[in-house]
Each structure stands twice: as C-alpha cells, then as structure tokens.
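We count ligands from 1, going down the list as the structure has it; atoms in each ligand are counted the same way.
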Amino acid sequence: MTATDVHPTSDIRVSAAVTSFLSPVWTHLTQVQPVRGEGIYLYDSEGSRYIDFTSGIGVTNTGHCHPRVVKAVQEQAGDLLFGQMNIVISPAALALAETLNRVTPPAIDSFFFSNSGAEAVEAAVKLARHATSRRNIIVFQGSFHGRTAQAMAMTTSKTIYRFNYQPLPSGIFVTPYPASFFYGWDDEETTAFCLKQLDLLFKGQTPTEETAAFVIEPVLGEGGYIPAPPAFLQELRALADKYGILLVLDEVQSGFGRTGKFFSFEYAGIEPDILIMAKGFASGLPVSAIGASQALMKKWKAGSHGGTYGGGSAVALAAAKATIDTIVEENLAANAAEMGSYLMAKLRHLQEAHPVIGDVRGQGLMVGVEFVDEKGSANPEAASAIQKSCLAQNLLLLTCGSYSNVIRWIPPLIVNKDQIDEAVDIFATALKKVI
Ligand SMILES: Cc1ncc(COP(=O)(O)O)c(C=O)c1O
C-alpha cells in the first residue's frame, strides 16, 4: 500500500483501506465523518452541516457538546480520571448518586453504576433474582434490552439481534406489548387483551411465585416507538404488588427528559421497583445505572456484582451530573413536551395528505411515524425510501419497529421550532418525491 492509498480519516470519501480496519459487523446509516458537533448539528471536515435528529440513538439529549457538559468533563479530567469503586469512592460518584436521588422518586434512593444500557439491564436482572430468590423474568414482545447474552435473551424487536447466537439464557418469558396500532384496536381493548395473555403466561409457563420481575420499556423503543397505555402500566404495578414480583422499568431510551417528563413512568402515575438508565444520562460518555430502594439494594449480596469501570470513571460520572443539572436547570423536559406536541401536530398534518403514514404517535420528543401500504400492512420500503431521501438532504433520521417501517424522531431536547420546521420541510419534500 502506498501513502496515497490512505485517506486521512476526516476525509468524507472513505477509502476501502480506511474502513477495512473497522469490523464489518457495524452497520452505518451514513458515511459521514463528523469532526465537530454543536447542538442539533454535526459538521464534517468539508464544512457540510447535518441535522442530527437521531441524537446518536437517543444519547445527546442536551445536544452535541453542550458547553456545561464539556466544561464539567474538562475540569474533572484535570482532577481525577479514575477512582475504582471497589478501591475508593470518588467524589464524582457521590455527587452523581446525590443528583440522581433528586430526580428519581423518593423510594428510589440507592444507585449502582455501570457503562452501557445492556450492562444496567444485566444488573437489574441479577438484583431482581437475588432479591426475590426467583429465576423467571417476563418481558414484552418487541422489546430491545441490549446485546449481551442475558439482554439478548430479553430482546425480541428483531431476529437479527439473536441470529446465530441461540440458544440464549433461559428463564425469559415473552408476552404481548400493548401495541394498539399493530393490533388495530383502541388502547382499552389492547390493554384487556395483553392482560389476558399475561394471565395465560402465569397459568401456562411461569407461575407468579417463580416470577422475579416484569421488565418493560414504558415507551417501546427499537420495537416501534409505542407508548404503553397508562392503564396497562398501572395494572402491571398492581400485579407486581399482589404477587411480590418486581416491576423493572427500562428507561434507557425514554429517560432524562426525552418524553416530556424526566421519566416516562410519570405519565402513568406509577413507580418502578428498579429503574434502568443509560443513553441520555451523560450526553455521550458511557454511563448507565440502576436505581432501587435501599431496602431492595440491601438484598443484593455485597461482592456478588460489580465491574472495573462502573462508578470509577470519574469523567463520565461528571458528564452525567452536568447532563442532569442541565436538563433540570434549562427545563429541557418541558421543552421536549412542547416541541414534541409541535412536531406531532405537523406530522399529523402531513398524515392527512399522505395515507402512506398510518400512525403518528409518541411522548415528548420520542415520536414515531409508521408507514403502511394500501392494505394497512407494514411498509418498510416507504420508510426506507423516505429516510434515504432525508439523508440525501442532510437530515439524519432513524427507523425502528420489528418491520422497520417506523421513522423515529428523536432530536436533542434543546431543539426549537425553527429547527423542527426545517426538518419537517425536508421530510415533506421527501414524501412528495418518493411516494
Ligand atoms: C430500551 C433500551 N434498553 C437497553 C438498551 C441497550 O443499551 P446499550 O446499547 O447502551 O447497551 C437500549 C439501546 O438501544 C435500549 O433502547
């Protein structure tokens, strides 16, 4: 290979020589190589601007490189990079736990830190099994909980995530998620059906006394951006209380202001026994956590779980604290609620003129647009064509759903009306061009 074969990595024209060093297991939505991020925008080395309405899959809730988060990272980096949790207790870990305690319900007052969403899911399941001395976990059809073996076993949004990896850990039982549009019913009917199916699961597969936990996303994420009806979540809470089952809420994607509340469960007026947090938690640095009551955490035998980095990576913890402070002090959840309503109204307006849009739904800035064909069946081709047309106009949007027929809108929570207008105009142009 000669020197001229190798392009600098900041070059937008990616050469095979450069990409061949990256494992092909990664899929890439674009070939964009950003050298800078600011707010809702990414910029490449040639100065092209991209509107990032993916937020890096729901991570950059405060926008790219929010100055408060950057400052906290820089300051912490100069003081202490790492304080391993089994060896010492860093002030950054204490400060983050105190901050989390302020934004979670009073009963959630003990926190365990890790690095990714999947790791936090693993921790939640380990805690639930330890605390209840029961083995079985109930999850909901279409969920995404991560890519580690246990989390994979709990993930049913798409078969690609488990392809060639099965058999997976046992003790996982899957029951329908209340996806009203999928079933073609109203929320009441869907809720009744799903509760009936859950009861059948108790009768036929996992008895209540062997069931440790329900693990549910209050808004189904990868599975299609579907908020669970509040009545369903309330009934799960009641069943959990009745049978001594723990209610574990996976708010990895829906947390930290994303849905217009700090956590989505607030819409249903319920509280979890174990709360799983990641993604929007630290504006891009790898931090995740589970929260539970001190009484529950005390049932987790000391030393039976842990990790080298969780709670030790002081820079990541400082980023998380600054992220939460920013979300609270800049009222970003309220902005997500307001901008989410604005965005959904605009999308519903487009729906009126375009029957290919079967449904517009969501909570706050977690909005899904579902594409259907003339028969009302999933239309992934339309979703993909619209997505590609938006990408060609420098608007980054993701799809989701088991049928890949939902475009998800997940902009940073700092987004404003002008920016939403620009993005929806691009989307409308794509609709006109493609459909
Ligand atoms: C709801 C939910 N749980 C868990 C995960 C896994 O998180 P991670 O990719 O950080 O392991 C994700 C990731 O998309 C998620 O959306």
Side-chain angles (χ1 to χ4, degrees), residues 25-29 54-61 112-128 137-158 160-162 165 168-169 172 174 177 179 213-228 233 247-259 263-265 272 274-291 307 309-310 313 316 319-320 323 362-368 397-402 404 406 408-410:
V25 77
W26 271 305
T27 60
H28 304 281
L29 180 66
T54 73
S55 295
I57 325 185
V59 170
T60 56
N61 281 7
F112 173 85
F113 298 123
S114 45
N115 310 285
S116 68
E119 241 188 293
V121 167
E122 297 266 350
V125 170
K126 285 172 86 170
L127 170 57
I137 306 291
I138 293 179
V139 296
F140 296 82
Q141 180 60 46
S143 301
F144 184 92
H145 295 294
R147 293 168 180 274
T148 54
Q150 180 67 70
M152 224 188 330
M154 299 162 67
T155 291
T156 53
S157 56
K158 287 192 181 96
I160 182 68
Y161 301 125
R162 39 174 69 212
Y165 297 126
L168 293 165
I172 304 298
V174 186
Y177 190 94
F214 300 121
V215 182
I216 186 165
E217 295 166 80
V219 182
L220 198 65
E222 233 280 313
Y225 270 35
I226 306 168
L233 293 174
L247 179 60
V248 181
L249 297 183
D250 180 342
E251 293 247 18
V252 166
Q253 195 158 163
S254 55
F256 297 96
R258 167 60 56 195
T259 62
F263 293 105
S264 170
F265 62 73
I274 303 176
L275 175 62
I276 307 176
M277 300 165 272
K279 284 192 184 283
F281 195 2
S283 300
L285 279 85
V287 188
S288 62
I290 61 167
Y309 293 105
S313 191
T323 298
Q363 267 178 5
L365 286 171
M366 195 167 177
V367 175
L397 286 174
L398 284 166
T399 58
C400 62
S402 296
S404 302
V406 180
R408 53 176 139 173
W409 294 73
I410 183 166

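- Contact annotation for Ser116 and ligand 1: heavy atoms of both the backbone and the side chain come within less than 4.0 Å of the ligand.
- For ligand 1, none of its N or O atoms has an N or O atom of Gly146 under 3.5 Å away.
- Closest protein heavy atom to atom 8 (P) of ligand 1: Gly117 N, 3.4 Å.
- Residue-ligand proximity, Glu217 to ligand 1, at heavy-atom distances under 4.0 Å covers atoms 1 (C).
- Counting heavy atoms under 4.0 Å from ligand 1, residue Arg147 does not touch it at all.
- Residue Asp250 has at least one heavy-atom neighbour below 4.0 Å for each of these atoms of ligand 1: 1 (C), 2 (C), 3 (N), 4 (C).
- Residues Ser254 and Gln363 bring no donor and acceptor atom of their side chains to less than 3.5 Å of each other.
- Side chains of Glu222 and Ser157: a donor on one and an acceptor on the other come within 3.5 Å.
- Among protein heavy atoms, the minimum distance from atom 13 (C) of ligand 1 is reached at Lys279 CE, 3.2 Å.
- The backbone N or O of Gly364 sits nowhere less than 3.5 Å from a side-chain atom of Thr259 that would complete a donor-acceptor pair.
- Scanning the protein heavy atoms around atom 16 (O) of ligand 1, the nearest turns out to be Gln253 NE2, 2.9 Å.
- At least one N/O-N/O distance between Phe144 and ligand 1 falls below 3.5 Å.
- The distance from ligand 1 to the heavy atoms of Ala118 drops below 4.0 Å at these ligand atoms: 6 (C), 7 (O), 8 (P), 11 (O).
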